[in-house]
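Keep in mind that what you see is a predicted model, and the values were worked out from it rather than measured. Below, read A as the first sequence line, B as the second, and so on, with proteins coming before strands; counting in each chain starts at 1.
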Amino acid sequence: MYLSLHFSLYTLHRKNMYELKIKKCLEDFLGRKDLKLTVPPKGMKGDLSTNAAMVCQVDPSKVISELEKLDEVESAAKAGSGFVNIKVSDYAVNAELAEITSGTKYGRGSEKGNVVLEMVSSNPTGPLHIGHGRGAAIGDSLGRIYQWAGYNIYKEYYVNDAGRQMDLLGQSIFNRMNGKEVPENGYRGAYIDEIAASMGGCKSAGECTQKAGKMILDDHFRVLSKFDVEYDNVFSEKSLIENGDVDEIIDTLDKKGLTYKKDGALWFSSSKFGDDQDRVLIKKEGELTYFASDCAYHLDKSQRFTHLVNIWGADHHGYIPRIRAFWESMGLDRSGTMDIMIYQLVNLKRGDEKVSMSTRAGEFITLEEVIDEVGKDASRFFMLMRSPDSPLEFDMELAREESKKNPVYYVQYSHARICSVFRKAGIEFKSIDPGQAGGIGPEEREVVKVLAHFPYLVSKCAALKSPHLITEYLREVATVFHKYYDGVRVLGSGAMEKPRLILLEGVRRIIKTGLYLIGVSAPEKM
RNA sequence: GCGCCCGUAGCUCAGCUGGAUAGAGCGUUUGCCUCCGGAGCAAAAGGCCGCAGGUUCGAAUCCUGCCGGGCGUACCA
């Protein structure tokens, strides 16, 4: 298993207030901590369900009478299969809603650690494409989720601004500028000519490399900013080479007896640490490999942070064993964690028609073009609708459609609708005391139960590194709200008006927070 | 060949730290606008969870082997 350097998974699963009380009651009574408290399948009676009696092989009626002593539990009952199903009291549901609508910390975690997220890190040799967009959407959302869980987050962009690819870029542009053919394996395409034209002349290929690299990098950040992805730092590969860090790390590996010369190149014995072959650090021409500077970069990060998270496209997954081999060879797995997250690639389409992603001029769709066509919100939401492990089908036609079919609008609409109710009522929520939620009925209960799932959901996203669970959850919240709103009158409902407004505010807050965590706006009007 | 990911409804996919009758959206069929935003709601139909074994009281979930698809397998990144 390459990906074994995880954060400790499943340890930060959070419960809401009433779940915590119930869980603790079970643990104290039965003397163990591995008992489950989950939501029963659809169609089953009860709000929560536990396997405690089954696992501990005790009489369910004993568990039931213990649970029923709690204020949070209205009743509990044995199900045929050995589960105990629990009905949560109205008192607990009201208290939960009051908690959701007070303060701004509902579902926040208190994890400790300094996490560096490395994402996109595209070579500055061409425009960002849709795949980079997925990496950015996943990485940035994960950052927001980790932050919500309590970690300090630092987002870094590693630039491969040295080496052969950059030289090729410079040479390609220089040649075009002077009306010559680009070198073999060089860069082509309309964007190369555009850059050449807008640069205003260079004396040498080296100068072209410099200028073009900066132009393209600036352009990457401009597009990422349009995507609401901002970085804390840009880390230059060149700086590592120039300040001697790369030489130093090679020296260190050398002293550990982990390098050797073969065919004129210097090799790292990565196969001693699980890689399927050894890797070159210095090519026979004397050039450093990207891998060599990557080692230096990862060592540098390990000194600055407690957790490293790298977000890479599936086309880079073959790179994992060697970087992990380096990590282990330095004994770094004992002083911190490194997590490499791989996401599968994106297939663009319009309805049933596939959009070619060939890099030949004219067929290449950039990330910016996608954002401009379907909008930032829809782009980000769509990128996160699937598990990172699954290839993503991105339907541009659906993404720009403004209807219930489009999940982005469906979710955002629920937020706008609630804002509209408050506008209509002429009330600001600040003027309502959430403590007055008391007296909610069965319809409201169903909504609060879904809202109360939020703390668990967010912690699960963080633990599993799966921001896509949020998009799914938001649809669920929106569905339960639209359904509720369709059947219940809020304004002018007498004694129920206030509790119902509090409920709406609860829905609004969860939707808004959830959308924030995936980097999508929560409009008050649409 | 080897490595990683995926195979669940017509389509796109959740679920996979083992648990009750396997879920959602789209598509299809049928209803709901005197009403706080219909950019909405309700209902129906639709499944050997790729195949075969194994572990277990219990498997879509864990293990093994196949089959199918994607990606990777450089002194490119």
J.: For A:Y187, answer base if it contacts any base atom (sugar-phosphate contacts may also be present), sugar-phosphate if it contacts only those atoms, and nothing otherwise; contact means non-hydrogen atoms under 4.0 Å.
T.: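 Counting heavy atoms under 4.0 Å across all strands, no contact is made by A:Y187.
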
J.: Taking atom P of B:rC76 as reference, at what distance in whole Å does atom CG of A:L281 sit?
T.: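 Value for this atom pair: 12 Å.
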
J.: For B:rC41 versus B:rU56, give the span between their P atoms, rounded off to a whole number of Å.
T.: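 It comes out at 47 Å once rounded to the nearest Å.
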
J.: At under 4.0 Å between heavy atoms, what does A:V488 touch on the DNA or RNA strands: base, sugar-phosphate, or nothing?
T.: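 Base contact.
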
J.: May I ask you to decide whether A:K465 forms a salt bridge with A:D339, counting only side-chain N to carboxylate O separations under 4.0 Å?
T.: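 Salt bridge: yes.
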
J.: So, the side chain of A:S269 versus the backbone of A:K272: is there a donor-acceptor pair under 3.5 Å, distance only?
T.: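 Not at all, since once roles are kept as given, no pair shorter than 3.5 Å links the two residues.
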
J.: Along nucleotides 67-75 of chain B, 5' to 3', which nucleotides get a B, which get an S, and which get a -, given that the test is a protein heavy-atom distance under 4.0 Å?
T.: ----BS--B

J.: Taking A:N51 for its side chain and A:K36 for its backbone only, find out whether a donor-acceptor pair lies under 3.5 Å.
T.: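 Between the backbone of A:K36 and the side chain of A:N51 there is a qualifying donor-acceptor contact (under 3.5 Å).
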
J.: Just to be sure I understand the rule, does A:S414 reach a base, reach only the sugar-phosphate, or reach nothing, if contact means heavy atoms closer than 4.0 Å?
T.: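 Contact class for A:S414: none.
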
J.: Would you check if A:L491 and A:L501 make a side-chain contact, meaning some heavy-atom pair closer than 4.5 Å?
T.: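 With C-beta onward as the side chain, the pair touches.
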
J.: For B:rG19 and B:rG15, measure between their P atoms and round to the nearest Å.
T.: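 Pairwise P distance, B:rG19 against B:rG15, rounds to 13 Å.
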
J.: If you measure from the C1' atom in B:rU61 to the same atom in B:rU55, how many Å do you get, rounded?
T.: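 About 13 Å, rounded to a whole number of Å.
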
J.: For A:R423, which contact category applies under a 4.0 Å heavy-atom criterion: base, sugar-phosphate, or nothing?
T.: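 Here A:R423 touches the bases of the nucleic acid.
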
J.: Hey, could you give me each pair passing ring-ring contact (aromatic ring centres under 6.0 Å, His included) that has a residue in residues 383-404 of chain A? Not counting sequence neighbours.
T.: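 Sorted pair list: A:F382-A:F394.
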
J.: Just by modelled atom types, is the A:K262 backbone N or O under 3.5 Å from a matching donor or acceptor in the A:W267 side chain?
T.: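 Present.
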
J.: Can you check side-chain hydrogen bond (donor to acceptor under 3.5 Å, both in side chains) on A:Q165 and A:Y187, steps first, answer last?
T.: CA-CA 9 Å; A:Q165 295 305 314; A:Y187 290 89; 2.7 Å; yes

J.: Name the residue closer to the 5' end of RNA chain B, choosing between A:L392 and A:D294 according to the nucleotide with the nearest heavy atom.
T.: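 Counting from the 5' end, the first nearest nucleotide belongs to A:L392.
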
J.: For B:rC16, is chi within 90° of 0 (syn) or not (anti)?
T.: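 For B:rC16, whose glycosidic angle is more than 90° from 0, the conformation is anti.
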
J.: Measure from the side-chain heavy atoms of A:R475 and tell me the nearest of B:rG25, B:rC13, B:rG15.
T.: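 Taking heavy atoms from C-beta onward, the closest nucleotide is B:rG25.
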
J.: Report the distance from atom CD of A:E118 to atom CG of A:L308, rounding to the nearest 0.5 Å.
T.: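 The CG atom of A:L308 is 8.5 Å from CD of A:E118, to the nearest 0.5 Å.
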
J.: Okay, side chain of A:Y157, backbone of A:S236: is any donor-acceptor separation there less than 3.5 Å?
T.: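 Answer holds: no.
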
J.: Got a sec, which residues hit side chain to side chain donor-acceptor pair (under 3.5 Å) with A:S390, two or more places apart in sequence or on another chain?
T.: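 Checked A:S390 against side chain to side chain donor-acceptor pair (under 3.5 Å); zero matches.
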
J.: Could you check which of B:rU12, B:rA39, B:rC36 has an atom nearest any side-chain atom of A:R489?
T.: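 Closest of the options to the side chain of A:R489: B:rC36.
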
J.: Looking only at atom C1', what distance separates B:rC11 and B:rG72, rounded to whole Å?
T.: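 My reading of the C1' atoms in B:rC11 and B:rG72 gives 28 Å.
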
J.: Which is it for A:H298 and A:N310 under the side-chain hydrogen bond (donor to acceptor under 3.5 Å, both in side chains) test, yes or no, and what are the steps along the way?
T.: CA-CA 10 Å; A:H298 281 80; A:N310 295 342; 2.8 Å; yes

J.: Regarding A:S420, tell me which of base, sugar-phosphate or nothing describes its non-hydrogen contacts under 4.0 Å with the strands shown.
T.: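 Answer is base: heavy atoms of A:S420 come under 4.0 Å of a base.
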
J.: On a whole-Å scale, what distance lies between the P atoms belonging to B:rU17 and B:rC62?
T.: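 7 Å, rounded to whole Å.
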
J.: Ignoring hydrogens and angles, tell me if any N or O in the side chain of A:H220 forms a donor-acceptor pair with the backbone of A:G126 under 3.5 Å.
T.: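 Here the side-chain-to-backbone pair exists.
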
J.: Could you please name the option among B:rA14, B:rA39, B:rC16 that lies closest to any side-chain atom of A:S390?
T.: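 The closest nucleotide is B:rA14.
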
J.: Considering only the C1' atoms, how many Å lie between B:rC49 and B:rA14, rounded to the nearest integer?
T.: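 Here B:rC49 and B:rA14 have their C1' atoms 13 Å from each other.
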
J.: Rounded to the nearest angstrom, tell me the gap between atom CZ in A:R386 and atom P in B:rG15.
T.: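 A:R386 atom CZ is separated from B:rG15 atom P by 11 Å.
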
J.: When you measure from the side chain of A:D377 to the backbone of A:V520, do you find a donor-acceptor pair of N or O atoms at a distance under 3.5 Å?
T.: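 No, A:D377 side chain to A:V520 backbone: no donor-acceptor pair under 3.5 Å.
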
J.: What stems, by residue range, does RNA chain B take part in, given at least 3 consecutive Watson-Crick or G-U pairs under 3.5 Å?
T.: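 Stem segments, range with range: B:1-7 with B:67-73, B:10-13 with B:23-26, B:28-32 with B:40-44, B:50-54 with B:62-66.
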
J.: Take A:L288 and A:V421, find for each the nucleotide of RNA chain B with the closest heavy atom, and name the residue whose nucleotide sits nearer the 5' end.
T.: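 Result of the comparison: A:V421.
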
J.: Say you pick atom P in B:rC66 and the same atom in B:rC2; how far apart are they, in whole Å?
T.: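 B:rC66 and B:rC2 have their P atoms separated by 8 Å.
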
J.: Using the rule given for side-chain hydrogen bond (donor to acceptor under 3.5 Å, both in side chains), can you reason through A:Y484 versus A:E444, listing the C-alpha separation, both sets of side-chain angles and the distance that settles it, and then say yes or no?
T.: CA-CA 8 Å; A:Y484 169 78; A:E444 287 79 23; 2.6 Å; yes

J.: Check the interface with nucleotides 19-21 of chain B: list each N/O to N/O pair with the protein under 3.5 Å, or write none.
T.:
| residue | atom | partner | partner atom | Å |
| --- | --- | --- | --- | --- |
| B:rA20 | N6 | A:S49 | OG | 2.2 |
| B:rA20 | N6 | A:N85 | OD1 | 3.3 |
| B:rA20 | N1 | A:N85 | OD1 | 3.1 |
| B:rA20 | N1 | A:N85 | ND2 | 3.4 |
| B:rA20 | N3 | A:S81 | OG | 3.3 |

J.: In whole angstrom, give me the gap between the C1' atoms of B:rA60 and B:rG18.
T.: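 After rounding to an integer number of Å, I get 10 Å for this pair.
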
J.: Is there a donor-acceptor contact under 3.5 Å from the side chain of A:T209 to the main chain of A:A205?
T.: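 Indeed, once roles are kept as given, a pair shorter than 3.5 Å links the two residues.
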
J.: Taking N or O atoms only and anything under 3.5 Å, show me the protein contacts with nucleotides 41-45 of chain B, one pair per line.
T.:
| residue | atom | partner | partner atom | Å |
| --- | --- | --- | --- | --- |
| B:rC41 | OP1 | A:Y410 | OH | 2.4 |
| B:rC41 | OP2 | A:K404 | NZ | 3.1 |
| B:rC41 | O2' | A:D486 | OD2 | 3.1 |

J.: At 4.0 Å (heavy atoms only), tell me whether A:E401 reaches a base, stays on the sugar-phosphate, or touches nothing.
T.: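 Touches nothing.
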
